[in-house]
Structures are given as C-alpha cells and as structure tokens.
Amino acid sequence: MKLQYDIVVIGAGHAGCEAAAAAARLGSRTLLITIDLEKIASMSCNPAVGGVAKGQIVREIDALGGKMGRITDLSAIQFRMLNRSKGAAMWSPRAQCDKLLFSRLWRKTLENTKNLYLWQDSVTEILIDPSGEKMRVKGVKTRMGVEIECSRVVLTAGTFLEGVMHCGDAKAEGGRAGDQAAHGISAQLKGLGFELGRMKTGTPARLDARTINFEALEIQEGDADPGKFSYDPDTEPVKSQLPCFMVYTSKQVHDILRTGFDRSPLFNGTISGIGPRYCPSIEDKLRTFASKEQHQLFLEPEGRDTNEYYLNGFSSSLPYEVQLEALHNIVGLEDVHVYRPGYAIEYDYFPPTQLNHSLETKLVEGLFFAGQVNGTTGYEEAAAQGLIAGINAHRTLNGEDAIVLKRDEAYIGVLIDDLVTKGVDEPYRMFTSRAEYRILLRQDNADARLTPLGHEIGLVDDEKYERLLKKNNAVESLISMLGKSAVKIGEIDDYLISVNEEPLTQGKRLLDIVLRNNVTIEGLSKVSKRLEKFIAENELSREIIEQAEIRIKYRGYIEREKYFADKMHRLEDIAIPKGFDYNSLQSLTIEARQKLSRVAPETIGQASRIPGVSPADINVLLIKFGR
C-alpha cells in the first residue's frame with residue numbers, strides 16, 4: 001500500500017466528494033480523507049437539494065460531469081420547480097431527498113471510481129515545502145501520525161475547523177452533532193500567513209412523525225409532473241412522492257422563545273461568528289422582525305424509511321427546554337417528541353480573497369480551498385466549488401491551464417468570482433439576483449452552456465456529448481418548423497380564447513403565435529396537426545419543447561444580455577501584470593490602491609467588480625494597461 005498520491009482531498013462533504021470524484025476520473029491518483037466513512041456527503045442540515053439559484057448550480061454541476069444531480073434524482077422523495085409563475089430565468093428545481101440513501105449512493109459512487117481511494121482519519125497538518133520562490137504542498141499528516149505524500153491538497157473541511165456547538169448555556173467541540181472537530185490546520189495555516197475568520201450556522205430540532213398531528217397541518221405536495229436534475233437518461237423523475245407540510249408560529253410561541261434570549265449564545269456574546277442573513281435562526285427572526293406575530297415553517301421528511309422530520313425555518317441555539325416548550329405550543333406539534341434539539345455551530349473559515357479564480361491559494365502552490373472554508377453556505381455552493389477545485393488540482397498538476405468560468409457562462413462562475421473578488425462579510429448564499437446575466441444562465445440550458453466544456457476537459461463522455469448535440473439540433477429544428485408553418489384565420493381561435501388571447505385577424509406563423517404570453521407549444525400542438533405530427537415523429541421530449549419555447553419568447557432579452565456580456569469581455573481580456581504595484585499609480589484613490597493591492601485582480605474586468613474601486617479608477621487602469 002503506497003501512501004503516495006497525486007491529490008489528497010480533506011473532508012468528504014459535498015465539496016470533497018465532487019473534488020475527489022472529478023480529480024480521480026480525470027486520471028489523478030486521489031485520496032479522500034474523512035473523519036467518518038459512514039457519513040460521506042452527509043446532509044447535516046436540510047435533506048434537500050436545489051432551490052432558488054441553487055437548482056441552477058446543480059444542473060451546471062451535472063452538465064460539467066459532476067455527480068450531485070444524478071445522486072439527487074436517485075434519492076429524491078419529492079420534486080418541485082420553484083418560481084413557475086415568474087420568468088424562465090427564475091425557475092429553480094428543488095428536490096427533497098432520502099438523507100441516508102443520498103449518503104449511501106455517494107459512497108457507492110466513490111468506492112467504484114477508478115484512481116480514488118478512501119482513508120478514515122483526521123488531518124492535523126498540511127506538509128509544506130518552503131524552498132523555492134513560493135511555498136508548495138508536499139503532503140499531509142493525520143491525527144494517527146500517518147504522513148501521506150502528494151502534490152496537491154484540496155481542503156474541504158466544512159464546519160469542522162475548530163468547530164464548537166452551542167445549545168443555550170451548553171457548548172461542546174464538534175463539527176456537527178456526534179462528530180469531533182478538526183484541530184491543527186487552522187493554527188498551522190495562520191502561522192503561514194493566512195487570514196482566518198469565524199462564522200456561525202445553525203440547525204433546527206428533528207421531530208418524531210409518530211407524535212405529529214398531520215391532520216392539523218397544511219399539506220405541500222410535489223409537482224404533479226415532476227422533473228429531475230440530471231441530463232442523463234439513466235435517472236428518472238421521482239415516483240411516489242412524499243408530501244411536506246406547513247406549520248406556523250404564533251405570538252404565544254414568540255413570547256416563550258423570548259424567555260430564553262438572556263441565555264442565547266447569539267445574544268449574550270458567547271458566539272462571535274457571523275451568521276447567515278438569509279437563513280437566520282428563529283431568535284434572529286424575532287429580533288429582526290419584532291412586530292411580526294407569525295412565521296411560516298416547513299415540516300420535511302428525512303427519508304422513506306424513517307419517522308424523522310426536519311423543521312425548516314426553526315433553526316435555534318436557545319436552551320433545549322425553551323425550544324421544547326415553544327414547539328409544544330405550535331398547532332400540530334402539541335405532543336411532539338424531539339429526537340434532538342436545534343443547535344448553532346461556530347467554525348473557522350478563510351476569507352476567499354486569498355484565492356485565485358482556480359480556487360488555488362495565492363500563498364501556497366498546490367493548496368486549494370472549497371466549500372464552507374471559503375465562507376459559503378449550502379450543499380450546492382460547496383459541491384460547485386469542490387468540482388472546480390478538483391478539476392483544477394488535476395489540471396495544474398499536469399501542466400494544463402486552470403478552468404475559470406465567466407460570469408455569463410455559469411452561476412458557478414458568478415459564485416467563484418464573487419468570493420475571490422468581493423470576499424464575504426457573512427456566509428455566502430447564491431441567489432438569482434447575484435447574476436447580472438441570469439437570462440443566459442437558466443436551469444433549462446445548463447447542458448448547452450457547459451457540457452461542451454465538460455467533454456473537452458474529460459469529465460463528459462462521448463455518448464453524453466452526442467446526446468447534447470442531438471438535443472441542440474432538435475431544438476433548432478422545432479424553432480425552424482414553427483417559423484415555416486402558418487395557421488389561417490379562425491383555425492385556432494378556440495384555443496386562443498381559452499388562454500385569454502385575442503383571435504387572429506390574419507394568418508400568422510406558429511413562431512409569432514408562440515410569442516404571445518399565454519400560448520405554449522404544447523397547447524398549440526393540440527390544435528395544430530402539423531405541429532403535433534412533427535413532435536411525435538421526432539420524439540421531442542418536454543425538455544426540448546420547453547427550451548425551444550423559452551428561446552422564442554425571450555429572444556430579445558437573451559440577445560440584449562449577450563451584447564452586454566460581450567462588452568464586458570473586453571475588460572476581462574485586458575490582463576494586469578502579476579505583482580503590479582498599485583501604489584505607483586497616484587491617480588488612483590487611496591481606497592482603490594488598498595483594495596486592488598489586497599485582491600490582486602488578474603484582469604481589469606475583475607478589478608471593476610471590487611467594492612470601493614470606482615469607474616474613474618477603472619479608467620486609470622485602462623489608460624495604463626489597455627486603451
């Protein structure tokens with residue numbers, strides 16, 4: 001047994017699993033080290049994947065050749081497409097998963113990946129070679145005293161670095177309930193010159209379904225015709241979906257919760273870490289929205305073969321007895337038994353402005369960071385970073401250029417650029433509003449955007465790439481057919497009236513009729529025999545029809561965003577020399593010189609997105625480097 005590897009991945013959460021799988025599949029001899037092999041890809045918080053913008057990320061991971069989408073489909077117990085009432089850029093897939101099955105499928109995937117090996121232990125030190133112009137990785141050392149040689153390390157330690165859990169006055173070391181914290185790495189990297197910060201996240205109580213009065217609750221079913229995440233045909237939409245339920249707090253519940261505020265580690269100074277603004281604890285909600293007398297919560301099943309339910313929206317670190325009393329005053333939960341109370345966890349992270357866009361650290365060659373150690377929150381954001389870090393660890397090891405996705409190419413590109421360029425002052429969560437080109441970055445076209453790149457780098461096989469080409473051709477053929485086919489006056493009036501559209505006053509192409517707000521290609525196919533026959537003969541799937549319809553309806557918006565993206569690319573193409581001394585440009589503002597020196601942007605485009613760098617400062621850089 002050789003303890004020599006090309007790449008070592010530390011941590012087997014969602015980032016670590018994607019990083020290790022990608023690096024190994026690309027050909028690097030890879031070792032994945034985790035504290036507990038039974039908790040690979042554990043869904044420590046909500047057992048769900050996707051959501052607003054997060055669902056787009058998962059589809060992008062799948063399009064590039066990652067595994068999260070496929071494993072989500074195979075373990076899903078409910079699927080919903082969120083924001084259907086809004087424009088296509090806002091549609092976001094979300095799946096509730098069987099928590100234990102999701103983890104088992106990831107382990108099976110990893111154990112059957114060529115070049116990938118697993119090791120149960122905790123890394124306490126990253127071995128560094130200080131010789132040469134720049135420090136570089138040469139291996140890792142574990143708590144058991146084992147030294148492992150490697151040329152690349154991907155750190156995906158999640159919430160485990162010096163993790164401390166809080167529940168009221170009680171606190172204990174740990175990366176999550178039941179698991180020890182990871183010690184050593186934070187202190188070592190700080191000693192090497194890395195900046196550290198402290199963040200906080202939390203999780204709600206888990207409840208026993210046998211003690212819940214579901215008849216008193218509002219049911220939330222999955223989609224009647226569910227979709228899926230993966231573009232691969234070997235996964236199917238979920239069958240036999242399990243429902244979720246909605247419950248509500250009340251003034252009485254809020255009053256009970258407030259009795260524990262003086263013992264809340266969030267409010268009495270015990271917790272110093274910064275918490276997530278967009279997923280606050282229930283006590284944070286009561287402080288922020290003091291006048292609100294009711295908050296909506298979601299009861300979500302954790303699997304098909306368990307009674308455990310997750311109370312989404314009730315994250316808390318209040319004393320357990322306060323949590324229990326409050327829960328027992330919620331309608332439907334009067335007699336509920338709690339498997340475990342909610343708790344908060346504090347952990348170390350590294351401000352991500354210390355990274356290049358490849359996710360390799362600027363300070364140590366061969367050391368990559370991905371996931372919550374970069375100040376992000378969410379399985380999807382972590383998995384995306386892990387995938388890119390794993391790809392780039394392999395590519396840089398083999399003398400190839402790192403893969404860097406642009407902001408108009410993927411939400412993953414927006415995520416990484418935001419982290420590296422802007423940094424974080426709270427746990428980062430992806431939203432569609434963070435993407436200035438979100439009409440281009442839809443969930444329906446992630447494969448068209450990214451599968452060619454996945455094929456080029458070696459994560460997407462020829463069969464999957466050929467399927468994409470056939471799909472693209474089918475979409476183009478359908479659009480072309482709609483442009484060539486017309487209907488006469490009166491031919492489809494009944495359909496148009498049924499969808500609240502005006503009847504035709506003259507013959508029109510089907511393409512022009514699809515442009516109307518309430519008209520769908522599927523609806524037209526029921527009244528146009530030519531269209532119905534074309535769809536049937538070409539065996540066009542719902543996904544192909546949907547993508548053609550979106551491209552037709554949003555063509556003007558899509559072309560406009562492409563125009564602005566192309567303009568921005570001109571700034572992205574103007575490189576700034578590495579190590580440039582911004583203090584030598586006295587025409588820059590003092591703030592700009594400080595921010596530019598700290599971030600060290602690679603291009604003028606990146607510089608333009610740094611907070612505190614004004615358009616006037618960018619003009620100075622253009623005169624110096626580009627215009």
Side-chain angles (χ1 to χ4, degrees), residues 12-14 17 34 36-51 54-55 58 67-82 93-111 158 175-179 202-215 217-223 226-230 235-247 279 297-315 327 332-333 336-343 378-380 382-383:
H14 304 276
C17 287
T34 179
D36 189 348
L37 287 172
E38 298 300 316
K39 294 182 179 177
I40 285 174
S42 176
M43 298 177 122
S44 307
C45 205
N46 188 9
V49 170
K54 293 169 175 279
V58 179
K67 297 297 184 181
M68 180 179 248
R70 185 174 185 279
I71 290 173
T72 298
D73 290 341
L74 294 173
S75 60
I77 56 179
Q78 190 193 87
F79 182 94
R80 294 176 64 218
M81 184 66 77
L82 307 182
R94 181 186 188 273
Q96 197 72 19
C97 296
D98 186 308
K99 179 178 182 175
L100 295 179
L101 179 57
F102 185 92
S103 182
R104 288 200 303 269
L105 289 171
W106 252 118
R107 178 164 180 171
K108 181 179 179 181
T109 298
L110 297 174
E111 288 184 335
R176 62 176 165 239
D179 290 315
T203 189
R206 304 307 200 274
L207 311 180
D208 186 341
R210 296 172 300 175
T211 60
I212 298 172
N213 179 14
F214 289 103
E215 291 183 1
L217 307 183
E218 185 180 338
I219 195 168
Q220 186 183 59
E221 302 280 6
D223 288 350
K228 64 192 189 84
F229 280 97
S230 180
T235 65
E236 296 180 350
V238 57
K239 297 174 182 176
S240 181
Q241 299 186 72
L242 297 184
C244 296
F245 299 87
M246 286 177 278
V247 298
C279 188
L297 310 172
F298 297 89
L299 263 176
E300 300 168 331
E302 297 224 341
R304 294 190 184 278
D305 302 317
T306 179
N307 289 322
E308 191 168 347
Y309 267 70
Y310 180 93
L311 187 57
N312 196 346
F314 201 83
S315 172
L327 289 169
L333 306 183
V336 73
H337 173 75
V338 175
Y339 283 129
R340 61 182 180 274
Y343 62 92
Y379 309 144
E380 303 82 3

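We use all heavy atoms of the structure for the numbers below, so side chains are in, but hydrogens, waters and symmetry mates are not. One-based numbering along the sequence shown.
A distance-only check finds a donor-acceptor pair linking the side chain of Asp73 to the backbone of Phe229 [under 3.5 Å]. A side-chain donor-acceptor contact under 3.5 Å links Glu380 to the backbone of Gly50. Looking only at distances, a side-chain donor or acceptor of Lys228 sits under 3.5 Å from a matching main-chain atom of Thr235. Of the possible donor and acceptor atoms, one in the side chain of Thr211 sits under 3.5 Å from a partner among the backbone N and O of His337. Of the possible polar contacts, one joining the Tyr379 side chain to the Asn46 backbone as a donor-acceptor pair under 3.5 Å is found. With hydrogens and angles ignored, the 3.5 Å screen pairs no side-chain donor or acceptor of Thr203 with any backbone N or O of Tyr343. Listed for the Glu221 side chain is no donor-acceptor partner under 3.5 Å among the backbone atoms of Pro243. Remark: the backbone N or O of Leu37 is paired with a side-chain donor or acceptor of Arg107 at under 3.5 angstrom. Between the side chain of Arg70 and the main chain of Met68, no donor-acceptor pair closer than 3.5 Å is present.
Of all heavy-atom pairs spanning Pro237 and Pro226, the tightest one is CB-O, 3.4 Å. Taking each heavy atom of Glu308 and Arg340 in turn, the nearest pair found is OE2-NH1, 3.2 Å. Of all heavy-atom pairs spanning Lys99 and Pro47, the tightest one is CB-CB, 4.0 Å. Taking both residues in full, the closest heavy atoms of Ala209 and Phe214 are given as O-CE1, 3.4 Å, listed atom of the first, atom of the second, then distance. Pairing each heavy atom of Phe102 with each of Thr72, the nearest pair is CE1-OG1, 3.6 Å. When all heavy atoms of Gln241 and Val238 are compared, the closest pair comes out as CG-CG1, 3.7 Å.
Contact of the Leu333 side chain with the Ile212 side chain is registered, since non-hydrogen atoms from C-beta on lie closer than 4.5 Å. Side-chain contact check for Leu299 versus Leu311: some heavy-atom pair is nearer than 4.5 Å. Contact check for Val338 versus Leu327: side-chain heavy atoms found under the 4.5 Å cut-off. Looking at Cys17 and Ile40, their side chains come closer than 4.5 Å, going by heavy atoms from C-beta outward. The shortest distance between side-chain heavy atoms of Arg176 and Ser42 falls below 4.5 Å. Gln220 is not listed as a side-chain neighbour of Phe245, based on a closest heavy-atom distance of 4.5 Å or more. Proximity of Gln96 to Arg80: side-chain heavy atoms (C-beta onward) are nowhere separated by under 4.5 Å.
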**Request:** Evaluate the criterion side-chain contact (heavy atoms from CB on, under 4.5 Å) for residue pair Leu110 and Lys67; output intermediate values, then yes/no.
**Result:** CA-CA 10 Å; Leu110 297 174; Lys67 297 297 184 181; over 6 Å; no
**Request:** Kindly determine whether Phe79 and Arg94 satisfy side-chain contact (heavy atoms from CB on, under 4.5 Å), including the steps that lead there.
**Result:** CA-CA 6 Å; Phe79 182 94; Arg94 181 186 188 273; over 6 Å; no
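The side chain to side chain contact (heavy atoms under 4.5 Å, CB included) search around Glu218 returns Met246, Tyr248, not counting sequence neighbours. Contacts of Leu105 classified as side chain to side chain contact (heavy atoms under 4.5 Å, CB included), with partners at least two apart in sequence or in another chain: Ile71, Leu74, Ser75, Leu101.
The line from OH of Tyr310 to CG of Leu207 is 11.0 Å long, rounded to the nearest 0.5 Å. Taking CZ from Arg304 and SG from Cys97, the interatomic distance works out to 10.5 Å, rounded to the nearest 0.5 Å. Atom-to-atom distance recorded for Asp179:CG and Glu38:CD is 11.5 Å, nearest 0.5 angstrom. Within the model, atoms CD1 of Ile77 and CD of Glu302 stand 9.0 Å from one another, a figure rounded to the nearest 0.5 Å.
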